[in-house]
Amino acid sequence: ETAPASAFTLAFTDQHVGIITIDVPGEKVNTLKAEFVEQICAVLQKAQQYPQLKGLVLISGKPDSFIAGADITMIAGCKTAEEASSLAKKGQSVMSHISAMSVPVVAAIHGACLGGGLELALACHARICSLDDKTQLGLPEVQLGLLPGSGGTQRLPRLIGAPKALDMMLTGRSIRAKQAQRMGLVDDAVPQAILLQTALERVAQGRKARAPLPWQARLVGGPLGKALLFHFVRKQIRAKTQGNYPATEKIIDVVRNGLDHGRASGYQAEAQAFGELVITPQSAALRGLFFASTALKKERGAGAEPLSLKRIGILGGGLMGGGIANVTATRAGLAVRIKDINHEGIRHALKYSWDLLEKRVRAGRLTRTEQQRQMMLISGTTDYSGFERVDLVIEAVFEDLSLKQQMVAEIEHYASPQTIFASNTSSLPIHAIAANATRPEQVIGLHFFSPVDKMPLVEVIPHAGTSEQTISTTVALAKKQGKTAIVVGDSAGFYVNRILAPYINEATRCLLEGEPIAHIDNALVNFGFPVGPLQLLDEVGIDVGTKIIPVLVDALGPRFAAPPALDAILKDDRKGRKNGKGFYLYAQQGRQAKKKQADPAIYRLLNVTPKQQQEGEHIARRCVMIMLNEAVRCLDENVLRNARDGDIGAVFGIGFPPFLGGPFRYIDQLGAAEVVKTLQGLQQHYGEHFAPCAGLVRRAQEGQRFYD
Ligand code: NAD
């Protein structure tokens, strides 16, 4: 029996430089695992025994990744803070071992260099990276509710200065080659073809004193500058996180600790904070989401091979059609044929993509040639020319059942017998759209969210007669478009809009009771939503956002009935931001808007005097509890395949607070019994629409959880 192959191999050049190749056996990308600690140390020891050693180069054996991060399953295995702390300390000691090498150690970086991967590169004496789109450097730990635990919080500020280091660690964003070079994160950025050679040349130059920090960074070196910086950063981050993300606070503390008391103290603080964060519910929730979305990305349709797709047809070049054309051409790289009844629709769709690409060209992220190449993928027509060759059609015409049925008939007439028909309807039943189809097994729902290029979620909605192959092909397309797809049941509102509607209704009820608009929205922002419900409605369009309500009432009952306020608002021609009239005031043309302000005319319209009566927490409880209750119904009625999909749908589709992990994980955290009790209390006060559903009551009685 042979020992498992090491992820690290060592070879020497004629110039006596050791090249350590990182290549985790059997994996597509390199990720760091706990057992590598011994392997790295063994390789370093072997190198040290080489008599004329001039230096070391670290390079990856994988095509697209240097090291994409640490394997987070090993973190999930930690039961206590101490256990997690000692994991961090192990990581720290390997990194110290590298930086204590007497010969120069240079990282040659191509591809993803994230988390533990960047910490490893930071421990080297120099970093060279490839000028390639795949090359990205970052410390994304904060997105999992953690901080870099292998010395990164200490080395990064010393390399690029505290302001930039804090920004990288607090946002988790990744940096591309050119910018990394500009900010001193890497010493050089060169074409991939000469990456290794450049790294070897760098070794030959020997150990160098580090270049001084840029003046902005030095400015904060003094006690006053430092105090100001940390005060400012903390204030800014609290405004963003509402104090809901403990990792951000700890990152700031630990960086400050190292700058005030030196490295040793900083490392100590880093390991301890890492341990404490690993066992927070916030980190558990964020890691849960990460695992769920990774699992969804890998998931294949049940049994049926997806058809291969080359050309996509789109019906309607409006707001949604334009966005869908864009992600299909630029993300999936597929040819797109748009059909609209008038040229305006086609012009709109083409301009929509052009403008988005233009932004990337301006930012230096896309070449003109590439912009033109991608635009060439999109073409338009006002008849069905070219549709005989499309493999799948996405329909985004007006929301009208007979029009959509007509679209099915026309596609069956003009396209091939294999062509799949996917409808982007937000409220019509898919089985009704397929009612007169000759090939109903090829009809499905594919529900995007606006703006299509930004919103990460789609709902895939088979009706009872949709074939497995149609499902798996549609899911595969959505993934290619860069979306996370959940497969949901063909019932009113599908999943996302069904849980969103009662939440928004409840917010409007609070408004009718006289709560100020800003107070309501702030309550939900403080709870952790990116925007409040009324502002959300303004953004989506009040007319569009409320369209689903009568559908839900008809199909599922009066608990979805909107308070009369919404009707009055719509009658007043208030559509939200798009017509400059909504819950908030919008700048008149030519005038600059100051801070977002509620439109006082709303209160007159609803005949209420705005006065803050309820605590923000209470308002948030009303809106959120009613959403949780509906989510459980969706699971029990098989609108959802599982709780995981429900959590992903709420977080990616609505912005449900990620640190709570989604509605189901949040119920688990509170306990079903507690949720039932709260709902019953609200029911007594506000009425039957708060009645806890049977499934929730049963789980409360049996002490059942959604996750183990
Ligand atoms: P839109 O009015 O912006 O665009 C509709 C387009 O369809 C127009 O360009 C129109 O000319 C074209 N059209 C109408 N009849 C046609 C026909 N017979 N053949 C070809 N083209 C035709 O509407 P939208 O907001 O893009 O919505 C489109 C669909 O997407 C609707 O079903 C809507 O419910 C759904 N949807 C909208 C949103 C949203 O936020 N707006 C979100 C999800 C889903």
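Counting starts at 1 for both ligands and their atoms, in listed order. Position 1 is the first residue of the sequence, and the numbers go up from there.
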Establish, yes or no, whether a centroid distance under 6.0 Å links the rings of Phe529 and Tyr503.
yes

Measure the [atom1]-[atom2] distance between [X] and [Y] for me, rounded to the nearest 0.5 Å.
{"X": "Leu286", "Y": "Gln143", "atom1": "CG", "atom2": "CD", "answer": "9.0 Å"}
{"X": "Asn522", "Y": "Gln242", "atom1": "CG", "atom2": "CD", "answer": "8.0 Å"}
{"X": "Leu356", "Y": "Leu366", "atom1": "CG", "atom2": "CG", "answer": "11.5 Å"}

Only heavy atoms of [X], strictly under 4.0 Å: list the atoms of ligand 1 that pass.
{"X": "Phe448", "value": "42 (C), 43 (C)"}
{"X": "Ser426", "value": "33 (C), 34 (O), 35 (C), 36 (N), 44 (C)"}
{"X": "Gly318", "value": "3 (O), 4 (O), 6 (C), 9 (O), 26 (O)"}
{"X": "Lys404", "value": "31 (C), 32 (O)"}
{"X": "Ser450", "value": "40 (O)"}
{"X": "Leu319", "value": "3 (O), 25 (O), 26 (O), 41 (N)"}

Is Glu539 paired with Lys578 through a side-chain N to carboxylate O contact shorter than 4.0 Å?
no

Report yes if some N/O of Thr425 lies less than 3.5 Å from some N/O of ligand 1; otherwise report no.
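In fact, backbone or side chain, Thr425 has no N or O that close.
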
Could you find the nearest protein heavy atom to atom 9 (O) of ligand 1 and give me its residue, atom name and distance?
Asp340 OD2, 2.7 Å

Protein heavy-atom partner closest to atom 27 (O) of ligand 1 - residue, atom, separation in Å:
Met320 CG, 3.8 Å

Would you indicate which of Asn497, Asn424, Ile324, Asp400 comes nearest to atom 30 (O) of ligand 1 when only heavy atoms are counted?
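The nearest heavy atom belongs to Asn424.
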
For atom 23 (O) of ligand 1, is the nearest protein heavy atom under 4.0 Å away?
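Given the 4.0 Å cut-off, atom 23 (O) of ligand 1 does not count as touching protein heavy atoms.
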
Honestly, is Arg665 close enough over Tyr707, meaning NZ or CZ under 6.0 Å from the six-membered ring centre and within 45° of the axis?
yes

Would you please name every residue forming a ring pair (Phe, Tyr, Trp, His ring centres under 6.0 Å) with Phe449, sequence neighbours left out?
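Applying ring pair (Phe, Tyr, Trp, His ring centres under 6.0 Å) to Phe449 gives His447.
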
